[in-house]
2 protein chains.
Amino acid sequence: MADPEQALVDGIRAASRQMVRELGFMQATLAATDYPASAVHALIELGKHGSMSAAAIAACLGLDKSSVSRMLRKLVDAGELTETVSDHDGRIKNLSLTARGRRTLAAVEAYGRRQVEEALQHMAPEARGLVHAGLEVYARALAQARSGAAGAVISPVRICPGYRVGVIGRVTEMHGLFYARHAGFGQYFESQVATGLAEFCGRLQRPGNGLWVALQGERIVGSVAIDGEDLGSGLAHLRWFIVDGAVRGGGVGQRLLQAALAHCDGYGFAETRLWTFAGLEAARHLYEARGFVLGEERQGRQWGETVTEQLFVRPGVAG
Amino acid sequence: MADPEQALVDGIRAASRQMVRELGFMQATLAATDYPASAVHALIELGKHGSMSAAAIAACLGLDKSSVSRMLRKLVDAGELTETVSDHDGRIKNLSLTARGRRTLAAVEAYGRRQVEEALQHMAPEARGLVHAGLEVYARALAQARSGAAGAVISPVRICPGYRVGVIGRVTEMHGLFYARHAGFGQYFESQVATGLAEFCGRLQRPGNGLWVALQGERIVGSVAIDGEDLGSGLAHLRWFIVDGAVRGGGVGQRLLQAALAHCDGYGFAETRLWTFAGLEAARHLYEARGFVLGEERQGRQWGETVTEQLFVRPGVAG
DNA sequence: TCGCAATGGTTGTATAGTGCAACCATATTT
DNA sequence: AAATATGGTTGCACTATACAACCATTGCGA
């Protein structure tokens with residue numbers, strides 16, 4: 001294990017330890033209620049899923065079913081939950097929150113929210129998206145490492161049109177990191193991306209041009225642009241298409257592409273073109289699924305490393 | 001509370017809940033030992049600090065001193081710890097790890113590290129720095145919100161010279177976000193930063209020029225550059241000086257400035273100049289502490305918002 | 001159709017970690 | 001020298017937990 005890697009791992013461990021302590025997960029009771037941590041988590045899960053069986057809660061919380069059974073009994077006695085026997089399976093009791101339970105949950109939520117909000121007050125505003133994205137990626141990776149399954153929290157990613165602050169930097173960064181890793185590109189490539197994108201954003205308002213970003217919270221995790229000017233009249237140039245590694249494989253690329261191509265079709269471009277590099281198979285599949293076909297290939301040395309550049313072309317909708 | 005804010009808070013809460021569960025903090029025993037979570041945490045703290053009193057451990061873990069006392073008794077009986085009465089205060093027992101304790105701790109560390117490493121395998125490589133930075137900023141903010149004190153994990157920030165992949169994007173992004181918030185700048189400003197920095201990085205090798213980044217792990221959290229060409233011969237131009245909000249106030253700015261000015265003095269520039277905006281008091285203090293004096297002020301409208309631009313000048317070392 | 005295994009849930013029992021309160025020994029302040 | 005504060009221990013009660021045995025219901029296969 002290389003040394004920086006070791007430092008990364010230890011840093012993550014130290015921070016999560018600290019975080020767990022600060023959030024009070026080692027205290028017997030949680031979130032300003034008189035219920036134990038497991039009961040609070042059960043309430044939260046019930047609030048999220050509506051109605052669950054005891055076994056489902058046990059699986060979800062990683063506790064023995066006997067512990068869960070007793071814990072639920074107390075919550076029912078306290079009037080937080082009701083249990084109704086399932087009508088299609090006499091063994092199962094469906095648990096759900098009572099009005100009182102919903103009030104309790106609301107109080108728990110308010111407490112937790114306030115705690116987080118106060119923490120957010122104590123950090124630089126720019127760092128908030130970072131915290132969110134970091135926690136989420138980590139939680140998902142932990143779940144995957146444990147069980148192979150992908151089922152975990154993923155905040156929704158939305159596609160938004162237009163410039164927003166930081167997009168030039170972020171898109172440049174994503175390109176720089178991705179192509180350094182996958183093609184060995186360096187400073188010259190990153191400078192080209194930065195310059196081109198900076199120039200393009202200055203004429204984003206002109207007809208035919210468009211930029212879409214994928215946002216997770218307020219963090220930019222993907223982008224695509226249509227340059228309607230630089231290839232000549234009637235030609236749409238698809239540029240700066242990239243998806244952050246944190247959300248790759250989640251359909252974000254498809255949605256970005258769809259937004260960009262809907263714009264192309266709506267505007268009436270005769271053709272959409274894009275340049276890419278051989279070997280990026282995931283991207284190629286996306287292109288071909290959207291009607292792009294490989295037009296031309298050539299060796300390119302301009303980026304510092306020798307790569308095979310590929311032109312993909314997609315005809316516009318028949319006018 | 002605005003809606004996106006709400007979504008951010010809830011997203012952070014969901015992710016941290018998930019993370020705590022995945023890490024097994026709700027299990028009675030932890031990290032593949034037979035010791036309870038609190039004992040494991042105590043071992044870790046002792047490993048970190050070398051020798052501590054029981055009270056210090058209790059404070060650190062947020063537990064009652066009686067619980068800690070008993071827990072430590074067991075660890076001593078198990079041969080993991082030794083206790084020696086302090087020589088300058090008869091009440092205090094100094095606790096430290098025995099050889100056996102260090103072995104146990106090593107096993108705990110190995111287990112935890114493997115867990116994290118496996119999780120890292122399940123995420124995009126680009127996201128690793130993000131996870132680290134996010135957790136760390138959050139843990140620190142939680143600690144500050146709880147106790148006002150700043151004492152918490154902060155991974156060391158190091159200053160490194162030269163270009164590295166992603167720096168153009170990251171520095172552009174940091175500038176864009178910071179000045180959008182503090183001066184209302186928008187796309188035009190961000191484009192200027194991107195273009196200028198991209199151009200500068202292309203001639204970074206030329207004599208007199210220099211770029212330094214502040215790195216936390218592999219994440220870029222600050223930058224400064226000396227452009228030895230654009231103001232004319234003998235003049236150093238300090239540009240792209242910025243520190244990420246996540247580490248602001250931690251001396252990173254000072255260290256960046258020192259690196260840049262050491263370069264200026266070593267190279268023998270007659271004068272170092274920088275342009276900034278009125279109102280950025282923290283930065284101004286840094287400049288003045290390093291020998292810069294305000295030279296000229298003028299109103300500028302070029303960035304989209306009216307601001308007062310300030311020229312600061314620092315003479316070179318007497319040749 | 002009947003029996004048997006599997007599943008959902010409950011209860012008995014033992015264990016262990018925890019906090020509170022009272023306590024002792026030592027140090028510090030008045 | 002007395003009062004107070006601090007570090008640490010012990011008695012006590014509480015509670016969350018796991019394990020194992022158990023019951024009721026369901027579903028499957030012979």
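Residue numbers begin at 1 in each chain, while the letters A, B, ... track the order of the sequences.
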K.L.:
With sequence neighbours left out, write down each residue that passes side chain to side chain donor-acceptor pair (under 3.5 Å) with His285(A), or none if nothing qualifies.
P.N.:
none
K.L.:
Without decimals, in angstroms, what is the distance between Leu63(B) CG and dA16(C) P?
P.N.:
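My rounded result for the distance is 18 Å.
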K.L.:
Arg113(A): what forms a side-chain contact (heavy atoms from CB on, under 4.5 Å) with it, not counting sequence neighbours?
P.N.:
Glu109(A), Glu117(A), Gln6(B), Val9(B), Asp10(B), Arg13(B)
K.L.:
Indicate whether any N or O donor in one side chain lies under 3.5 Å from an N or O acceptor in the other, for Glu136(A) and His132(A).
P.N.:
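Yes.
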K.L.:
Sequence neighbours excluded, which residues qualify as side chain to side chain donor-acceptor pair (under 3.5 Å) partners of Arg219(A)?
P.N.:
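By the side chain to side chain donor-acceptor pair (under 3.5 Å) rule, Arg219(A) matches no residue at all.
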K.L.:
Show me the donor-acceptor pairs, under 3.5 Å and distance only, between side chains in residues 56-72 of chain B and residues at least two apart or in other chains.
P.N.:
from	atom 1	to	atom 2	distance (Å)
Asp64(B)	OD2	Ser66(B)	N	2.8
Asp64(B)	OD2	Ser66(B)	OG	2.6

K.L.:
5'-most contact on DNA chain C: Asp64(A) or Ile92(A), nearest heavy atom basis?
P.N.:
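On the 5' side of the pair lies Ile92(A).
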K.L.:
Can you pull every protein N or O that's under 3.5 Å from an N or O on nucleotides 22-24 of chain C?
P.N.:
none

K.L.:
Is the side chain of Thr98(A) donor-acceptor paired with the backbone N or O of Gly79(A) at a distance under 3.5 Å, no angle test?
P.N.:
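Checked: pair present.
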K.L.:
Looking at DNA chain D, which of residues 66-77 of chain B put a heavy atom within less than 4.0 Å of it?
P.N.:
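The answer is Ser66(B), Ser69(B), Arg70(B), Arg73(B).
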K.L.:
Are the side chains of Leu81(A) and Ser96(A) in touch, meaning some heavy atoms are under 4.5 Å apart?
P.N.:
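In short, these two side chains do not touch, never coming nearer than 4.5 Å.
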K.L.:
Figure out the NZ/C1' separation between Lys93(A) and dT10(C), and round it to whole Å.
P.N.:
8 Å
K.L.:
Can you check whether Leu97(A) reaches Glu80(A) side chain to side chain, under 4.5 Å on heavy atoms?
P.N.:
no
K.L.:
Check the distance between dT9(D)'s P and Ile57(B)'s CD1 and give it to me in whole angstrom.
P.N.:
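After rounding, the reported distance stands at 11 Å.
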